[in-house]
Peer 1: 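One structure is given below, represented as structure tokens, and several questions about it will come after.
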Amino acid sequence: MSLKQEIARRKTFGIISHPDAGKTTLTEKLLLFGGAIQTAGAVKSNKIKKTTVSDFMEIEKQRGISVATSVMAFEYKDLKINILDTPGHQDFAEDTYRTLTAVDSAIVVIDVAKGVETQTEKLVNVCRMRATPIIVFINKLDREGKDPIDLLDEVEQKLGLTVKPMSWPVGMGGTFKGVYSMYEKKLVLFRPHGKQAEEDVIEISDLADTELEKHVGERAAKTLREEVHMIEEVYPEFDVEAYQKGELSPVFFGSAVNNFGVRELLDCFTDIAPAPLPRPTEEREVAPTEEKFSGFIFKIHANIDPRHRARIAFLRICSGVFERNKNYLHVRQNQQMRFANPTSFMADKKEVIDEAYPGDVVGLHDTGNFKIGDTLTEGEELHFKGIPSFSPEQFRYVENADPMKSKQLAKGLDQLMDEGVAQLFTKESNGRKIIGTVGALQFDVIQYRLQHEYGASCMYEPVNLYKACWVTSKDPKAYKEFLSRRSRDLAKDKDGNTVFLAESAWALKMAQDNHPEVQFHFTSEMNGKG
Ligand code: G4P
């Protein structure tokens, strides 16, 4: 198969949701369709039910045994589908944000009863930053939930998406009879807890057909006709191009646990989801079809078992063919590297591969050379864009608790930051170090890992901060004045970029108002230039 054909048959995407909406269940059903797994229950939820470090460690141990769950690939209708898994716990949201930089599209799962939840909002915002095409799956229709029209309004308002329903539910909860697919002009009847049998799918090209009554009864048929008529008036025509530009999101309804509505979702996804797209670098745009290989590291997974300290760096291939044992340039370190055992992931299996194509993700054995955002190429100096570090939300001073182990602490912190576990800032006024994270659980995890992996111990002290944002300005004079007036609130991030530490939303607003020539950024590009 030619490189072009290999690229055209690849679809790399992520499933995102607020915890409990049904991401794990949907992933599993998709893998069942693809034949990648044979039994339900094979996909382990990476959800942490309690926010305790012991719980996290338990999950990490399981993941250490099977990091394969990070990427799940399967073949379906001659396509190679790569699902990039995202952590279920919101304290690990930053890991999810970064994984989203490696996908070409996303499926958002929403619980019909709960509607749009906070985590969904944050994750969709990240997708929108890169105009990632999104399909929405409204789940748990076997339970009572919100009115579908109200829910679509909520999706549009809270997520800022323009939606287009592609299927429509007939009833809900106790009266749930199935969905009518406007995309395929089919009525699919609901049978709880079973595979959809052929006879459950009825072709109804015209909803006026009295066939409809026979299957769902008079009342439901009337309601369906009215509702479909209305949504066809209200919502725009489906347009693949608009979807692929991230401007229009098709919506499906179903029940993942009952394997209902999942095939319709998958079939539409395989029809419309984009194959690997060109990607911007600081230097130029890189097309997947370019002969020369390039890719970037978007995730580093440490094996926390001290007896096997290796890390796996996850590389997203962006162009050309990646080959085993070939020399590549690690751009940031300006160093040649070759990989004897690159691995690919097929559901629950991990295997050494000889080649990988754009859209694929390979795992590289790493002894500490990589950090998130690093680029590998065949020699060209490229820096992929859009792999940002996000403004943290929780902060603490970190202090060395064992003066004999300061080297170990520095090394441990350095490596954990490269993995993207958290961000480290050094205050300009007094040189104190501040750790910033997206979730509170990370502080315990860092302390635990420093102790167990590096033999270092740290203490935390509270620091009253609301946000850390990166600052730049095109006006050198105004910038200089800002730096000198606000020196007390400035810090450097790990790469030496200047960061403004705001104590409150009000302090941030005041700084913005008083220094209109200064730009405050809530993400920083971590492009490996470091
Ligand atoms: P997540 O990965 O998004 O966090 O969610 P997950 O798939 O783990 O699903 C969360 C819960 O919702 C699970 O129940 C799951 O069985 C249930 N669920 C998923 N899809 C549907 C659906 O279509 N209808 C209904 N009624 N429930 C659904 P649980 O009790 O937390 O776990 P389990 O013991 O049932 O697995």
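Order of appearance sets the numbers: ligands from 1, and atoms from 1 within every ligand.
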Peer 1: E154: which residues meet the salt bridge (Lys or Arg N to Asp or Glu O under 4.0 Å) condition with it, sequence neighbours left out?
Peer 2: K146, K158

Peer 1: Is it the case that over 12 heavy atoms from other parts of the model lie below 6.0 angstrom from the CZ atom of R225?
Peer 2: yes

Peer 1: Would you check whether G254 has a nitrogen or oxygen atom less than 3.5 angstrom from a nitrogen or oxygen atom of ligand 1?
Peer 2: no

Peer 1: I'd like to check which ligand 1 atoms, numbered from 1 as shown, lie under 4.0 Å from a non-hydrogen atom of S255.
Peer 2: 22 (C), 23 (O), 24 (N)

Peer 1: For atom 12 (O) of ligand 1, which of Q119, H18, K140 has the closest heavy atom?
Peer 2: K140

Peer 1: Considering only heavy atoms of S17, which atoms of ligand 1 have at least one such atom less than 4.0 Å away?
Peer 2: 3 (O)

Peer 1: Say whether L26, considering both its backbone and side-chain N or O atoms, lies within less than 3.5 Å of an N or O atom on ligand 1.
Peer 2: no

Peer 1: Among residues two or more places apart or on two chains, list those pairs meeting ring pair (Phe, Tyr, Trp, His ring centres under 6.0 Å) that have a residue in residues 122-180.
Peer 2: W168-F253, F176-F190, F176-F260

Peer 1: Can you confirm whether or not the ring centre of Y357 sits under 6.0 Å from the ring centre of F322?
Peer 2: no

Peer 1: Is the closest N or O pair between N258 and ligand 1 shorter than 3.5 Å?
Peer 2: no

Peer 1: Assign the ring pair Y183 / F238 to parallel, tilted or perpendicular, where the plane angle (0 to 90°) is split at 30° and 60°.
Peer 2: perpendicular

Peer 1: How does K23 reach ligand 1, by side chain, by backbone, by both or by neither, if only non-hydrogen atoms under 4.0 Å count?
Peer 2: both

Peer 1: Any idea which atoms of ligand 1 are less than 4.0 Å away from a heavy-atom of P19?
Peer 2: 4 (O)

Peer 1: Around atom CG of D147, are there more than 12 heavy atoms of other residues, nucleotides or ligands at under 6.0 Å?
Peer 2: yes

Peer 1: Under a 4.0 angstrom heavy-atom cut-off, which atoms of ligand 1 come close to D20?
Peer 2: 1 (P), 3 (O), 4 (O), 5 (O), 10 (C), 12 (O)

Peer 1: Please classify the V109 to ligand 1 contact at 4.0 Å (heavy-atom distances, strictly less than): side chain, backbone, both or neither.
Peer 2: neither

Peer 1: Parallel, tilted or perpendicular for H452 and Y448, by the 30°/60° rule?
Peer 2: parallel

